[in-house]
2 protein chains.
Amino acid sequence: MNTRNSDRGAAPARGPAGGVVIELSAAIVTVTDVSPKILLVRPPELSPRPGLPYGPFDPTGHRTLEEGLRTWVEEQTALHLGYVEQLYTFGDRFRDPQERAGGPRPVSVGYLALVRQTALKDAGESSWGDWYRYFPWEDWRDGVPTINDQLIVPHLTKWAEGAKSKPDRSRRRERVNLAFALEGGSWDNERVLDRYELLYEAGLVFEATLDARLEVTADLTTIHTHTHTGAALTKDHRRILATAMGRLRAKIKYRPVIFELMAPTFTLFQLQRAVEALSGGRLHKQNFRRLVAQEGLVEPTGHISAQTGGRPAELFRFRPEVVHERPSPGVRVPVKVSKRAE
Amino acid sequence: MNTRNSDRGAAPARGPAGGVVIELSAAIVTVTDVSPKILLVRPPELSPRPGLPYGPFDPTGHRTLEEGLRTWVEEQTALHLGYVEQLYTFGDRFRDPQERAGGPRPVSVGYLALVRQTALKDAGESSWGDWYRYFPWEDWRDGVPTINDQLIVPHLTKWAEGAKSKPDRSRRRERVNLAFALEGGSWDNERVLDRYELLYEAGLVFEATLDARLEVTADLTTIHTHTHTGAALTKDHRRILATAMGRLRAKIKYRPVIFELMAPTFTLFQLQRAVEALSGGRLHKQNFRRLVAQEGLVEPTGHISAQTGGRPAELFRFRPEVVHERPSPGVRVPVKVSKRAE
DNA sequence: CGTATATATGCTCACTTTAAGTATAATTAT
DNA sequence: ATAATTATACTTAAAGTGAGCATATATACG
């Protein structure tokens, strides 16, 4: 694999100083067994942090934005992208610190891409990382992450109370309650971006303190490195990843995209593990099988799996016809949070 | 109001020939009584068709894309935008015919904006148009539109059978069935874009035949003007509007955005009419009130409305607290299609 | 004044869906 | 053998949904 960060090679789309340059960035996701993975590339010279792969948009060569994305991804990696979906276009000033040095304004069109678990090794400049390494507070499969109660919620509460005006305080408090399921609220696993932005604003993620330092208005008393609130990525790539996670978590509920990540045949438990990995919660096993069966999402192959300790399971395959039968076929399961050790 | 199409005035973001220029286009939506409205501007010199308002993105002046949009909209119109949401970034080659004449590649970041029904008259170069004028096949409030059965479905079926290869035919047939609820399928009011793209590919909308003519590969035997399949808009603006409609129809089901379009107080029937207008279907009145009540979306004001023939109705207001109580508060109503005269 | 008509609102009821659990089957590890 | 592990069938209580009936309060019009 030869994924390269396009800091070298963006020339075709680079405008004049004061101009605009369009990047196409990709959150390329896969799932191996119980772990959701994101493709990351080695950091460019300036930054010690890894980042999402991205490439330039070539207005003379690329017929569409998506074609542009597919082209450079498949050129630079051995990956064939299956499902591809545009996420959001990011254009905040200084999302790339380079801009401060007089570079052009980089506007990034973010994409979500799904690839099946491959035998690809981490090679060259790219590697697969568990996405909860960057979002530890999002993994509720083993109960509420300790970091939430012990670090994040206390800090966010303090941050909320630290606002200057009273309405500001109340607004901050409400945002924190809503995003982190305080005061009787329930955890919404799709609000990944909301939560990241709160942490950013409160200075609890490394990117925030770095950006603040560059603005020379930093309050350096509360620097938190990646050891506390997940590993950092370059520029605003963690924000893009948050957008991708939220979108994917939402999408599996009403479109059969989960099967873009599965092998051609699979056991129901493997399917459940994949959904749980992406959703960050646990599912009720018996209800899960009833659901996928009665939604017509899968059909039995007749074969049974190689045993993995316990009664052998039947192998299933995706039923593509479901798309024509139901209005919005997906794994519409209530992702329940398991109470842990308490 | 002084909305201007930015064909005049896009200079700040215009790159060199072969470069990229970023436009910010807005689907500005409101609802008056029973009619969903979209803000349109007078066509630029070249086109006889109206279009969405759009303006340039100024990389030196605008801090964020959304700020850029708000800035030029509020400069050029008297409108204060309330809810604003990024939709999609459109970058297909030749989405603007000007590009063929050697202009820069225009990439358009589309936004959905909601404004309350205002007393604003159609004035100057902009006007409010009922969005079903451009999508007559989407309005099922009085049963399935005649155009669907009498014109669209027969033509699309013929188009599907006209594909060269057998798998192509089958793919086309499936897309048509799914999008237009054929063969026992149910109408999904969110698939606005899917349907528009089918009509475009089949050459049933005016834009398609125009674009084809410009490519000089047109089959001009099947030109359909706006009288048959809705009025046309400039460039790809009908596609952008389709995206906005689909997104809005989806969003009202799980976010209380409908209240961005209502007056501060309203009767439940007015609220129902607004939802029906956007959704393009009818709702069961009694269940609708039960739903908005038990979801906690509204609260009574104690006042009653000025009568409009019939028993006076109580006035309600939005309950903003609902956002903190439920995971995804919205008007999650089954938009049923009323069977008409059959 | 009385009747038709229109809208508003409360309530019932059958049916479906959902969350959660019990029970049992078929395998591996020790 | 026995414990542990995974698979799968079935039950049940609670909640939600779709449809309709009944009644209340207004206007329009003879």
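Since the structure is predicted, the reported quantities are computational estimates derived from the model, not experimental observations. We name chains A, B, ... by the order of the sequence lines, and we start the count at 1 in each one.
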Undergrad: Ignoring hydrogens, what is the shortest heavy-atom contact between A/Tyr134 and A/Ala231? Give both atom names and the distance.
TA: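 Looks like CD2-O, 3.2 Å.
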Undergrad: B/Pro312 side chain: which of D/dA26, C/dA8, D/dA9 is closest?
TA: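 Looking only at side-chain atoms, B/Pro312 lies closest to D/dA26.
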Undergrad: Once you build an axis from the first five pairs and another from the last five of the helix from C/dC1-D/dG30 to C/dT30-D/dA1, how far apart in angle are they, to 10 degrees?
TA: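 Inter-axis angle at the termini of the helix from C/dC1-D/dG30 to C/dT30-D/dA1: 0°.
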Undergrad: Report the C-alpha distance between B/Trp131 and B/Val192 in whole Å, list the side-chain angles of each, state the deciding distance to 0.1 Å, and finish with yes or no for side-chain contact (heavy atoms from CB on, under 4.5 Å).
TA: CA-CA 12 Å; B/Trp131 77 19; B/Val192 186; over 6 Å; no
Undergrad: Has the side chain of B/Arg290 got a donor or acceptor atom sitting under 3.5 Å from an opposite partner on the base of D/dG18?
TA: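 Looking at the base of D/dG18, it does pair with a donor or acceptor on the side chain of B/Arg290 (distance under 3.5 Å).
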Undergrad: So, taking the atom named CD1 in A/Ile38 and the one named CD1 in A/Ile28, what distance separates them when rounded to the nearest 0.5 Å?
TA: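 Output value for this atom pair is 7.5 Å.
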Undergrad: Between the side chains of A/Glu85 and A/Arg255, is the shortest nitrogen-to-carboxylate-oxygen separation below 4.0 Å, so that they form an ion pair?
TA: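 No, A/Arg255 and A/Glu85 are not salt-bridged.
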Undergrad: Tell me: CG of B/Leu268 to P of C/dT9, nearest whole Å?
TA: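 So the two atoms are 6 Å apart, to the nearest Å.
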Undergrad: Select base, sugar-phosphate, or nothing to describe what B/Gln286 touches, counting heavy atoms under 4.0 Å on all strands.
TA: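 Since a base atom lies under 4.0 Å of B/Gln286, the category is base.
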Undergrad: With nearest nucleotides of DNA chain D determined for A/Asn287 and B/Ile304 from heavy-atom distances, which residue corresponds to the more 5′ nucleotide?
TA: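 That would be A/Asn287.
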Undergrad: Considering only side-chain heavy atoms of B/Gln294, which listed nucleotide, D/dA7, D/dG20, D/dT17, is closest?
TA: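 For B/Gln294, the side-chain atoms sit closest to D/dT17.
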Undergrad: Out of C/dA8, D/dA9, C/dG21, which nucleotide sits closest to the side chain of A/His284?
TA: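 Nucleotide nearest to A/His284's side chain: C/dG21.
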Undergrad: With a 6.0 Å cut-off (strictly less than), is the heavy-atom count around CD of B/Glu183, excluding the residue itself, greater than 12?
TA: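 No, not enclosed.
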